[in-house]
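Below: one structure, written as structure tokens.
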Amino acid sequence: MKKTALSSLFALHIAVFLFGAAGVLGKMLAVSSLLLVFGRTLFAALCLIPVLAYQRQLHFRDVSKSVVLCGFLLAMHWLTFFASLNFAPVAFGLMGFASFPLFVALLEPWFFKEPRKAHDAWAALFVVIGMLTMVSATSWGDGAIYALGLGILSGFSFALLAMMNRWQGAQMSPFKQACLQNGVAAVLLLPLVLLTGDMVGKSMQTWSGLILLGVVFTALSHGLFMFSLKKLSTSFASIMTSLEPVYGMLLACLLLHETPGLCELSGAFIILAAIAYASYQHQGH
């Protein structure tokens, strides 16, 4: 594999690890999903402004309809995923989000006029099988259908966002993409946050957690993710992103003492095998 592709793969792994850690940190903060998404997008955009100023890219000529669409998709992805956790256990939201690689495998060849790759489709299918295995022992309650539906909507919106990011990657730097998209998402969510009054009465500890979530687990992670899309296909990146629940499960075990059962471990093993297969196939091309 070329050195540039290796650096992109490393950046992608770090980004996915931070994605998984963000869910654990969000649960530890114990705030509404609306404030959680607003806080992380706001502080992510703010912390990237000095970076863009240093790079002399701090202008708004790149704020196009596609950037606004990406900001909307980013807000939609996070809101639907965190909202799904209000209806059922985390596993159901993750199972819906597991549709993300399948959406990419189906849509990316059409979107970029590229030939379909059988190994990406097979890897995506086994990722979904792994996610189904992880939740197979979970009992279905009344809210499970809502959680699953919101999770699928989260996966679909993230698939569209990933493809838009790949397309925009040829036109602007990764951190400028991240700044503009998070800034647009924060602006779109601001009226809802003001209307609900979610910001009132929050402690300094909560705001510190939101700043950490925005700077490290949002700005840095999405900048690295967008950087990886300059050299890696969206299909491959989507399959690698399926490691997010695996990382999240391990961190939840360490930090929240949520011990995974046999089904969770078996599903994680299937996902890891699919990731290894996709990485091997990608290395050969």
Side-chain angles (χ1 to χ4, degrees), residues 3-22 25-26 34-79 157-194 199 207-234 237-238 240-241 244:
K3 187 176 180 180
T4 52
L6 278 175
S7 62
S8 297
L9 185 60
F10 180 74
L12 180 59
H13 269 290
I14 298 298
V16 173
F17 175 79
L18 293 175
F19 288 161
L25 178 59
L34 178 60
L35 181 60
L36 194 66
V37 177
F38 173 74
R40 69 185 301 182
T41 54
L42 174 66
F43 292 118
L46 290 177
C47 83
L48 287 171
I49 289 177
V51 177
L52 297 184
Y54 175 77
Q55 297 177 343
R56 297 183 180 181
Q57 297 186 38
L58 191 60
H59 53 77
F60 298 97
R61 294 192 298 271
D62 295 322
V63 181
S64 59
K65 291 181 180 180
S66 63
V67 171
V68 174
L69 176 59
C70 285
F72 172 79
L73 290 172
L74 183 64
M76 177 69 68
H77 158 61
W78 277 330
L79 281 176
S157 58
F158 193 72
L160 293 178
L161 177 63
M163 288 184 289
M164 289 292 294
N165 282 335
R166 180 188 170 188
W167 176 73
Q168 283 187 343
Q171 305 175 42
M172 67 178 73
S173 68
F175 285 105
K176 186 162 190 177
Q177 279 182 277
C179 182
L180 291 177
Q181 291 175 16
N182 279 282
V184 168
V187 169
L188 292 175
L189 293 173
L190 180 59
L192 295 175
V193 174
L194 294 176
M199 290 190 292
W207 286 111
S208 298
L210 289 173
I211 292 173
L212 178 64
L213 187 64
V215 174
V216 178
F217 298 97
T218 304
L220 178 60
S221 64
H222 280 79
L224 291 172
F225 183 75
M226 293 169 190
F227 170 79
S228 72
L229 291 176
K230 287 181 174 292
K231 298 295 180 182
L232 303 175
S233 71
T234 317
S238 71
M240 298 299 292
T241 306
E244 178 182 343

Checklist entry - Where do Val216 and Leu220 come nearest, in terms of heavy atoms and distance? => result O-CB, 3.2 Å
Item to check | side chain to side chain contact (heavy atoms under 4.5 Å, CB included) partners of Phe175, counting only residues at least two apart | outcome: Leu48
Checklist entry - Closest heavy-atom contact between Gly223 and Ala178? => result N-CB, 4.2 Å
Checklist entry - Is there a side chain to side chain contact (heavy atoms under 4.5 Å, CB included) between Phe38 and Met199 once you walk through the steps? => result CA-CA 10 Å; Phe38 173 74; Met199 290 190 292; 3.9 Å; yes
Item to check | CG-CE distance between Asn165 and Met226, expressed to the nearest 0.5 angstrom | outcome: 4.0 Å
Next on the checklist: Rounded at 0.5 Å granularity, tell me how far SG in Cys179 sits from CG in Leu46.
Outcome noted: 8.0 Å
Checklist entry - Do Val67 and Gln177 pass the side chain to side chain contact (heavy atoms under 4.5 Å, CB included) test, and can you show the C-alpha distance, the side-chain angles, and the key distance before you say yes or no? => result CA-CA 8 Å; Val67 171; Gln177 279 182 277; over 6 Å; no
Checklist entry - Would you call the rings of Trp207 and Phe43 parallel, tilted or perpendicular, where under 30° means parallel and over 60° means perpendicular? => result perpendicular
Next on the checklist: Tell me every residue that passes side chain to side chain contact (heavy atoms under 4.5 Å, CB included) with Leu160, counting only those two or more places apart in sequence or in another chain.
Outcome noted: Leu73, Leu107, Phe156, Met163
Item to check | Interatomic distance, Leu213 atom CG to Leu42 atom CG [nearest 0.5 angstrom] | outcome: 11.5 Å
Next on the checklist: To the closest 0.5 Å, what do you measure between SG (Cys70) and CG (Asn182)?
Outcome noted: 11.0 Å
Checklist entry - Who passes ring-ring contact (aromatic ring centres under 6.0 Å, His included) against Phe19, sequence neighbours left out? => result His222, Phe225
Item to check | Straight-line distance of Ser228 OG to Leu12 CG, nearest 0.5 Å | outcome: 4.5 Å
Next on the checklist: Under the criterion side chain to side chain contact (heavy atoms under 4.5 Å, CB included), I'd like the reasoning laid out for Trp78 against Thr41: C-alpha separation, chi angles, the key distance, then a yes or no.
Outcome noted: CA-CA 10 Å; Trp78 277 330; Thr41 54; 3.5 Å; yes
Checklist entry - For the residue pair Ala11 and Phe227, what are the closest heavy atoms and their distance? => result CB-CD2, 3.7 Å
Checklist entry - Which value, rounded to the nearest 0.5 Å, describes the distance between Ser8 atom OG and His13 atom NE2? => result 12.0 Å
Just distance, no hydrogens or angles: give the donor-acceptor pairs under 3.5 Å from side chains in residues 185-194, sequence neighbours left out.
none

Next on the checklist: Thr218: which residues meet the side chain to side chain donor-acceptor pair (under 3.5 Å) condition with it, sequence neighbours left out?
Outcome noted: Arg40
